[in-house]
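Notes follow once the structure below has been shown.
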Amino acid sequence: MRRLIVVLLTTIVVLSLCSAVVVAQQVHVVQRGENLFRIAQQYGRTLAEIAQANGIAPPYTIHMGNFITIPAPGGTQAPAPAPAPQQPTGTSTYAVQRGESLAIIAIKFNTTYIVLAEMNGIADPNILHVGQVLRVPAPASAPAPTDSGAAAPAPQPATGVYTVQRGDSLAIIAAKFNINYFELAQLNGITNPDVLTVGQVLRVPGAPPPAPEPAPADPAPAAPVGPGPPSTANVSGFELGGQALSFAHPEFMRNARMTWVKRQVKWHGEPAGHFQPLIDSAHGNGFRVLLSVIGDKNQIASNPGGFYQNFANFLAGLARGGADAIEVWNEMNIDREWPSGQISGHNYTQMLSAAYHAIKGTNPGTMVISGAPAPTGFFQGCGAGGGDDDCFLQQMAAAGAGNVMDCVGVHYNAGITPPDSTGGAPVGSAGHYSWYLPRMTQLYSSFFPGKPLCYTELGYLTREGFGPLPGGFSWASGTTLAQQASWLAGAVHRLRGSGIVRLFIVWNVDATHWGSDPQAGYAIVRPGNHCPACDSLRAAMGG
C-alpha cells in the first residue's frame, strides 16, 4: 500500500511579547493517483475549503508532488491567491438514469463530477444507483467568468474551432488539443459524447491544429497477402480461436477448426506500426486476429485522463492496421494490472469509452471487447485497492460500459469439473461461481443483457508431462490431459449452443513456461508436439 506523505508545518504568530497563538496547518504532498476530492475527505475538509486555501479552480487539477495546504479547523487562514469557485447557488434535482455515471451527468449540467460529488455528499463517485436523486446546478447557472483574474478554469477558453472529419470521435479530437473528451464535451454543450456529425464545428482550446491529412479514398486497410479474413462488422454467430504465445503451430490450430488467433500486446509508447507483424502474420495464415492490449499501469496512476487518450489513439492505430478485434486491457480489477487506489469499474469505463470511439472512428469493422476482470471472490466486494469481478462488472454497467463495447470479455481458467457442472468442485471454496462455466456465463450475461460474451481466455490446467504444480495451482492436480481435451470440447458444445457467446479463445495453444505461473500446463500442444485437444475440438466444431 502506498504511504501518504504528510509534512506538518507549524507557524508561530507572535501577537504580543507575552502571548502567542499557534496555528497548525498541514501540508499534504500529492501522491500518484490522488485527486483533490479524496484529499479533502482524508482530512475531514470540504473540497471548497481545500481549493480556496490553495487557489485551485475547477476542474481542480493537481499533480503528483504538489504541496497542498490543509487549512486548520477553525483556524485563521491566510487569504488564498485566488477565490475558490463557488458551488452553484441555484440548484435543481436530477434522477440518475440507467447507464449514467457522475461524469456523464456532470457534462449535462456544465460542471465536473467532483463538484457534483461535493454537492451531494457522495464519498465514492464511482457508485450511483438508478433513480438516485441528485442536487445539480440549475439550468440557468452561468459558467464561471473568465475575466476574474483567477487561474483559468478547464476546459481552457476556446480560441479556435475544429470541423469534425470523417472517422473522428470526441476522444480523438480531444487528444489533438491535449484535453480529455469530457472537457471537450462540456466546452461545446454536448450531452451525448457518442454522437458527432461530419462537418460539425466544435469550439476548442488554443490555436487549431494543422489541417488533417486527406483521408484515403478507401479507408479500409490494404488487403493482406494470403487468405485474409472478412470484416467483423456487425458480428454474429460463434467462432473458435486460440491464444498463441509464439504462433508456431498454425497447422494444429487449423486442425482444431480455429479461425481466430489471439496475441498479447504490451504497449510502452511504441507506434502502432511496431505491432503490424502480429496482424500480418495472422492474416497471412488465414486467421482473424484479436489483439489483447495492456499498457503501463504506472502511467495511468500519474495521469489517468492523458493516458486514456494516448492509449485510445494507439488502439486506433492497431485498428487502422487491420486488427479484427481489440480487447481493451486485461484483469483490471486487481492491482497487478491497474494502479491500487484507482481500481473501479467507473475508471475503467472511461478508458473503454475513449478506446471505443477512437477504434470505431478509424475502423468500424474492428470488434471492441471489454477487458475481462479476474474471476475472484478474494476481496469480498469492491474497493479502490481491488475488487471481485461481480461487483466490478456492476460498476461498469452503471457507468455505461454496455454502450461502448461490442462484446463482454470473460476469463475462465479455473475449471476442475466438467463444463456442464454447477457445483461439486473439490475445493474449500466450492460454492463460488468462478469454478463453474455455466454460472460464469449466466452471471456475466446478466450485467449486460443482449450483449454477446467473448471468452478471451478459457482453459483447463493439467500437470501431465510436467510434474507437480506450484502451490497456488494445486487445485488442478487431479485434472488429466484426457479431461482437458474432453472438457474443452464440452465447453464448445455448451457455449456454441447458448446463443449468447460470440467468441471462444482457448487459453492457450503453445506456451512452454513451467514455473510459478504454469502456462504450459494449459497448452493444448503438449511436449513431444502432440495435441489431443485438437481432435476433440475439431469434432465439437463439426469436423
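For reference, positions follow the sequence shown, starting with 1.
Tyr444 and Tyr412 have their aromatic ring centers separated by at least 6.0 angstrom. Ring pair Trp329/Phe311: centre-to-centre distance below 6.0 Å.
For the residue pair Thr462/Gln484, the side-chain donor-acceptor check at 3.5 Å is not satisfied. Between Gln342 and Asn347, the side chains place no donor N or O within less than 3.5 Å of an acceptor N or O (distance only, hydrogens not considered).
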Candidate pair Arg526 and Glu464, rule salt bridge (Lys or Arg N to Asp or Glu O under 4.0 Å), full reasoning: CA-CA 9 Å; Arg526 308 299 290 189; Glu464 278 196 35; over 6 Å; no

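To the nearest 0.5 angstrom, Ile505 atom CD1 is 10.0 Å from Leu458 atom CG. Once rounded to the nearest 0.5 Å, the distance linking CG of Leu453 with CD1 of Ile500 reads 5.0 Å.
When the side-chain contact (heavy atoms from CB on, under 4.5 Å) test is applied to Pro438, the partners found at least two apart in sequence or on another chain are Thr422, Tyr436, Arg494.
Ring pair Phe314/Trp267 is parallel by interplanar angle, where below 30° counts as parallel and above 60° as perpendicular. The aromatic rings of Phe392 and Tyr348 sit tilted, their planes meeting at an angle between 30° and 60°.
Although no hydrogens or angles enter the test, the distance criterion places no donor-acceptor pair under 3.5 Å between the side chain of Asp510 and the main chain of Ala244. In this structure, the side chain of Asn363 engages the main chain of Ala319 through a donor-acceptor pair within 3.5 Å. No donor-acceptor pair closer than 3.5 Å links the side chain of Ser445 to the backbone N or O of Thr441. Panel note: side chain Asp389, backbone Thr376; a donor-acceptor pair is recorded below 3.5 Å.
Annotation: side chain of Phe447 is in contact with side chain of Gln394 (closest heavy-atom distance under 4.5 Å).
A salt bridge links Glu331 to Arg336: one of the charged nitrogens lies within less than 4.0 Å of a carboxylate oxygen.
Residues Leu488 and Ala533 share a closest heavy-atom pair of CD1-CB, 3.9 Å.
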